[in-house]
Amino acid sequence: MTDAAKDYRSTLNLPDTPFPMRGDLPKREPAWVKAWEEQGIYKKLRDARCGQPKFVLHDGPPYANGQIHIGHAANKILKDMIVKARQLAGFDAAYIPGWDCHGLPIENQIEKTHGRGLPRDEVQAKSRAYAGEQIDGQRADFKRLGILGEWDKPYRTMDYANEAGEIRVLKRLFERGFVYRGLKPVYWCFDCGSSLAEFEIEYADKQSPAVDVAFLCAEPAKLAAAFGLAALDAEAFTVIWTTTPWTIPANQALNLNPELPYALVKTARGYFVVAEALVEKCLARWQLEGEQVAVTQGRKLELLKFKHPLAHVDAGYDRESPVYLADYATADDGTGVVHSAPAYGLDDFQSCISHGLAFKDILNPVQGNGTYEASLPLFGGLHIWKANPVITEALQNAGRLMAHSKITHSYPHCWRHKTPVIYRAAAQWFVRMDEGSGLFATEAPAQTLRQTALAAIDATSFYPENGRARLRDMIANRPDWCISRQRSWGVPLPIFLHKDSGEAHPRTLEFIERAAQLVEQGGIEAWAKLDPAEWLGAEAEAYSKGQDILDVWFDSGSTFQHVLKGSHAGAAHAEGPEADLYLEGHDQHRGWFHSSLLIASALYGRAPYKGLLTHGFVVDGQGRKMSKSVGNVVAPQAVSDKMGAEILRLWTAATDYSGDLGLDEKILARVVDSYRRIRNTLRFLLANVSDFDAATEALPLDQLLEVDRYALARAAEFQAEVLAHFERYEFHPVVAKLQVYCSEDLGGFYLDVLKDRLYTTAPKSVARRSAQTALWHITNGMLRWMAPFLSFTAEEAWKVFNGGETIFTETFWQFPTADAALLAKWGRVREIRELANKAIEDLRSQGQVGASLQAELLIGAPEQDLALLQSLGDDLKFVLITSAARVEAAAELSIKVTPSSHQKCERCWHYREDVGINPEHPALCGRCDSNLHGDGETRCVA
């Protein structure tokens, strides 16, 4: 074969690696999940960090019901990325996944499947089995996402030890004086059939009837005197305006503001008392004309009595409503007079109780399912929402309806059922926020729970910071926490109540501890089956066993105690209950973050977390909430099966979680492109160190070529940025910067410059080993940077690169300290190189040159740039990827490009005058001939 026809490709050091270009993620990821499990990788991570400082991310338990959705996936991936980043930083960063297992959705599912009326312990047993099945399904999906954790021993709120631990937390709150029992209006959901906590309420628009209802004055002489009149010559009324006609049957008082002026207005229908500021609006609404006769302050009308508007219709309503003074009666809208049904409003309740109304005398005809009790006159048995028009008609027929209309307003709804709720008075157990004495208190905390919790917020770090104000506002304004629920599937309030007095048994604290021991052995079913006579003996006849369960937010809110200090104490800080981080969606400011804070503040006087991180909700690319009806739902299982879980992981990392997380097919397609760019860069690195043994062939830093030392300095600088972001739990800047680093620092510059040296110099030459040493360091760094989010890919590449069992027992790479002078010098070199590339491109667009190697450059440079470029010597042409480059002094930087007149080397593709210098190899340039047949070329800089 003649030299001219010879293929020199075989003489090049072309890169080779078993790391494939295509990830084939959907097929290959399940094998990694299986391998991690079979090899016990998570256990090996713990062993590798034994004795190191701990980092504790306490998992907010998802609910054990149904398949995981994309919000679950994003949440768990974000947690996994943080834990892995802390693990790589050298911390013992355990991850204990958890599940919230009690509560209404599971109990409803059991009722749907098996019907209502099952014995309590049977409901509990079936719910427990169902929750276990749901956990198994969700656990498999979470593992498929590449999340490493203690999956074989998670925490579950339904584990006997956790149920018992929760009961002991309740006991401690009793001892510290925070728990009391009282009758008070609480949020009530008819679908739940139970009270709700503040956390379980959301607001949505609701259309309601608005009615103006007249109350006849029962003491007209006193009313006249209050307005400075001798007498009245017609009937007198006051009028209330309400959007809840269903509460009228339970009216027991009227509220007026003591400081407001009220007018007495004479009309054809009699006299009316309303706020002076609202007279015109009221008359217009009632379609009446009237004359203002007199004005008096609200305080002058205190205790004046009016008759119930249906008093003359049915004897059951023949009662009086006294006027109580209250600041919450305003002249903003309505009539300035507020109708008070103390069973169905907090303000009404407090007002009536403060004026001497006894608990036993509070009218509460609405039952737990939303229907009036059968004995209620006129409306017995009706559901309150259906009763509204019936009551309105009854008022109309009674001559007491002044006006009626429909309004749309913001109204509280059940978080779970999305249905309207009401306030309803019921005997409940509460955690006190402010001053007061609790039952069975044995100690007195120095501060109220509200004060302690607010101080704890000040001591907590927030990511993002705006979460602080949100949580603070909720704690500052929240009422006492109603912790009791009227359901079966939950941790009991194990208290015996006296059948006559309703008082808790004097030995309640003792019984609570006994109940904890009982539940610890047999679960909550053991309490359900307990015969009170076993503990109370003869007293059992006088006491009833409490049937209430604890609010599920008490379940999850107390997990720091019996998980971090109990079942998984070894994975937590030994000195206290605090986790380093709680991480959930921003709705948990009123949920898990909130309840956890209150319980920890009550127990320890501090928060259970040092930091709170909140993320937004997953929405589609247009910012719309995901909905099956809209057809924009993205299922994590479908993405894993089609594209790979790695794409979901990269999407999560690349998205700014401080706002909502947008996701659709177009967004995923962009993520796939980003993944390919990173993978291709990684493949190039792996391929070019495949024949490199760092143990024997790596060069010391001071023996590396200058551009290689620069590349390491830039990698060290980049790693410092990455680790700073990881410290702040930020990932989207890392992904963005990593892509830029791969495309510009590596692909656009360093790797571009290296190719000639890697491919054409002798395989074991100093020039090539210098490049490989730098690439080996960079690969070590890059695999660790990407491992928290591209876990499957990093693990796959680690096997090829290192042969080790897992990358996650490693720590972040130790680069040499970044050389600031070197970074500055090569930063300027790269700027000049960009100008040179532009000048070459201008000539290429004119068809005068093809590849940049066909170009020769003459650079005119001012003094500082001249010295810089001259320091690169003959290697300048390798930096610029041209066949020749000369520098001369000039007042300003200039770049002249000319096509080379020399012959092209068939091996390195440089255009050189010494092509054919060796007659035996006429197609080779002098340096290729030396690299193949002689001592090899010497590189100084690049």
Side-chain angles (χ1 to χ4, degrees), residues 60-66 71-72 99-109 111 127 131 157-158 166 170 179 182 184-206 344-346 366 368-370 410-433 449 453 470-471 473-493 548-559 582 584-599 614 617 625:
Y63 194 64
N65 187 28
H72 288 128
W99 271 275
D100 208 350
C101 306
H102 299 123
L104 188 65
I106 289 175
E107 189 172 342
N108 280 346
Q109 192 64 41
E111 287 183 353
S127 296
T157 58
M158 69 177 182
E166 189 176 335
L170 174 68
V179 181
K184 184 182 287 189
V186 293
Y187 285 119
W188 191 277
C189 173
F190 303 136
D191 292 292
C192 295
S194 175
S195 59
L196 300 182
E198 195 81 17
F199 323 130
E200 298 168 301
I201 296 300
E202 61 185 18
Y203 282 81
D205 283 349
K206 174 183 181 292
Y344 307 120
L346 272 176
V366 180
N369 62 1
S410 181
Y411 190 89
H413 286 65
C414 172
W415 181 341
R416 295 182 187 87
H417 294 99
K418 314 301 179 186
T419 50
V421 300
I422 68 167
Y423 268 114
R424 178 174 178 267
Q428 303 284 350
W429 292 95
F430 295 90
V431 169
R432 189 185 304 282
M433 293 297 299
L449 183 53
R470 185 171 183 182
L471 184 56
D473 288 347
M474 289 180 174
I475 294 295
N477 299 304
R478 65 151 298 121
D480 289 351
W481 178 11
C482 176
I483 60 171
S484 51
R485 296 291 180 272
Q486 292 67 50
R487 302 296 300 187
S488 298
W489 176 228
V491 175
L493 282 109
D548 287 352
I549 62 169
L550 283 162
D551 175 15
V552 289
W553 292 109
F554 201 98
D555 284 27
S556 57
S558 61
T559 53
Y582 273 33
E584 299 300 329
H586 55 63
D587 57 331
Q588 295 305 317
H589 285 114
R590 62 186 176 96
W592 189 53
F593 297 157
H594 194 124
S595 61
S596 299
L597 173 63
L598 292 182
I599 293 174
T614 50
F617 297 136
K625 182 179 179 182

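Position 1 is the first residue of the sequence; numbering continues from there. Below, all heavy atoms of this structure are taken into account, side chains as well, without hydrogens, waters or symmetry copies.
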Exercise for the section: May I have the step-by-step check of side chain to side chain contact (heavy atoms under 4.5 Å, CB included) for V431 and L598, ending in yes or no? Expected result: CA-CA 9 Å; V431 169; L598 292 182; 5.9 Å; no
Problem - Passing option when W481 is tested against F430, F554, W429 for side-chain contact (heavy atoms from CB on, under 4.5 Å) - result: F554
Practice task
Indicate, with yes or no, if the rings of Y423 and Y187 have centres closer together than 6.0 Å.
Solution key: yes
Practice task
Assess the pair Y63 and W99: is the distance between their ring centroids shorter than 6.0 Å?
Solution key: no
Practice task
Compare every heavy atom of A204 with every heavy atom of H413, then report the nearest pair and how far apart it is.
Solution key: CE1-O, 3.4 Å
Practice task
Check the pair I475 / H594 against side chain to side chain contact (heavy atoms under 4.5 Å, CB included), numbers first and verdict last.
Solution key: CA-CA 8 Å; I475 294 295; H594 194 124; 3.5 Å; yes
Practice task
Evaluate side chain to side chain contact (heavy atoms under 4.5 Å, CB included) for Q588 paired with Y582, printing each intermediate quantity in order.
Solution key: CA-CA 10 Å; Q588 295 305 317; Y582 273 33; over 6 Å; no
Problem - Salt bridge present between E200 and R590 (N-O < 4.0 angstrom) - result: no
Practice task
State the CG-NZ distance between L346 and K184, to the nearest 0.5 angstrom.
Solution key: 7.0 Å
Practice task
Return the minimal non-hydrogen interatomic distance between I201 and P412, and the atom names on each side.
Solution key: CG2-CB, 3.7 Å
Exercise for the section: With the side chain counted from C-beta on, respond yes when L104 and R485 share a heavy-atom pair under 4.5 Å apart, and no when they do not. Expected result: no
Problem - Least distance between heavy atoms, C101 atom then W489 atom - result: O-NE1, 2.7 Å
Practice task
Give, for atom SG of C192 and atom CG of N108, the distance between the pair rounded to the nearest 0.5 Å.
Solution key: 7.5 Å
Problem - Any side-chain donor near an acceptor of the partner, H102 and R487, under 3.5 Å - result: no
Practice task
Test side chain to side chain contact (heavy atoms under 4.5 Å, CB included) on M158 and D555 and set out the steps.
Solution key: CA-CA 9 Å; M158 69 177 182; D555 284 27; over 6 Å; no
Problem - Distance, nearest 0.5 Å, that separates CG of D587 from CH2 of W415 - result: 5.0 Å
Exercise for the section: In sequence, state the C-alpha distance, the side-chain angles, and the governing distance for S484 and Q428, and then conclude on side chain to side chain donor-acceptor pair (under 3.5 Å). Expected result: CA-CA 6 Å; S484 51; Q428 303 284 350; 2.4 Å; yes
Handout entry: Exam field: side chain R424 to backbone V421, donor-acceptor pair closer than 3.5 Å
Key = no
Completion exercise
All heavy atoms of D100 vs all of S556, minimum pair found to be OD2-CB, 3.9 Å
Exercise for the section: Quick one: pull up CD in Q109 and CG in N65 and give me the separation to the nearest 0.5 Å. Expected result: 6.0 Å
Handout entry: Near-ring test H586/F617, centroid separation under 6.0 angstrom
Key = yes
Practice task
Please report the shortest heavy-atom distance between W553 and S595, naming the atom on each side.
Solution key: O-OG, 3.1 Å
Exercise for the section: Look at the side chain of R470 and the backbone N and O of H589, then say whether any donor-acceptor pair between them is shorter than 3.5 Å. Expected result: no
Problem - Within-4.5 Å side-chain heavy-atom neighbours: M433 and P479 - result: no
Problem - Donor-acceptor contact below 3.5 Å, side chain E107 vs main chain S127 - result: no
Exercise for the section: Please tell me if the side chains of T614 and E584 come closer than 4.5 Å, counting only heavy atoms from C-beta onward. Expected result: no
Fill in the blank from the handout: Of all heavy-atom pairs linking G557 and I599, the shortest is C-CD1, 3.7 Å
Problem - D548 side-chain N/O to Q486 backbone N/O, donor-acceptor pair under 3.5 Å - result: no
Problem - Residue list, side chain to side chain donor-acceptor pair (under 3.5 Å) with W592, at least two apart or on another chain - result: S596
Exercise for the section: Would you indicate whether the side-chain heavy atoms of L493 and L170 approach each other to under 4.5 Å? Expected result: yes
Practice task
Find the distance between CD1 (I549) and CD1 (I483) and round it off to the nearest 0.5 Å.
Solution key: 11.5 Å
Fill in the blank from the handout: When rounded to the nearest 0.5 Å, the distance separating CE of M474 from CZ of F593 is 11.0 Å
Handout entry: T419 vs C189 side-chain heavy atoms within contact, under 4.5 Å
Key = yes
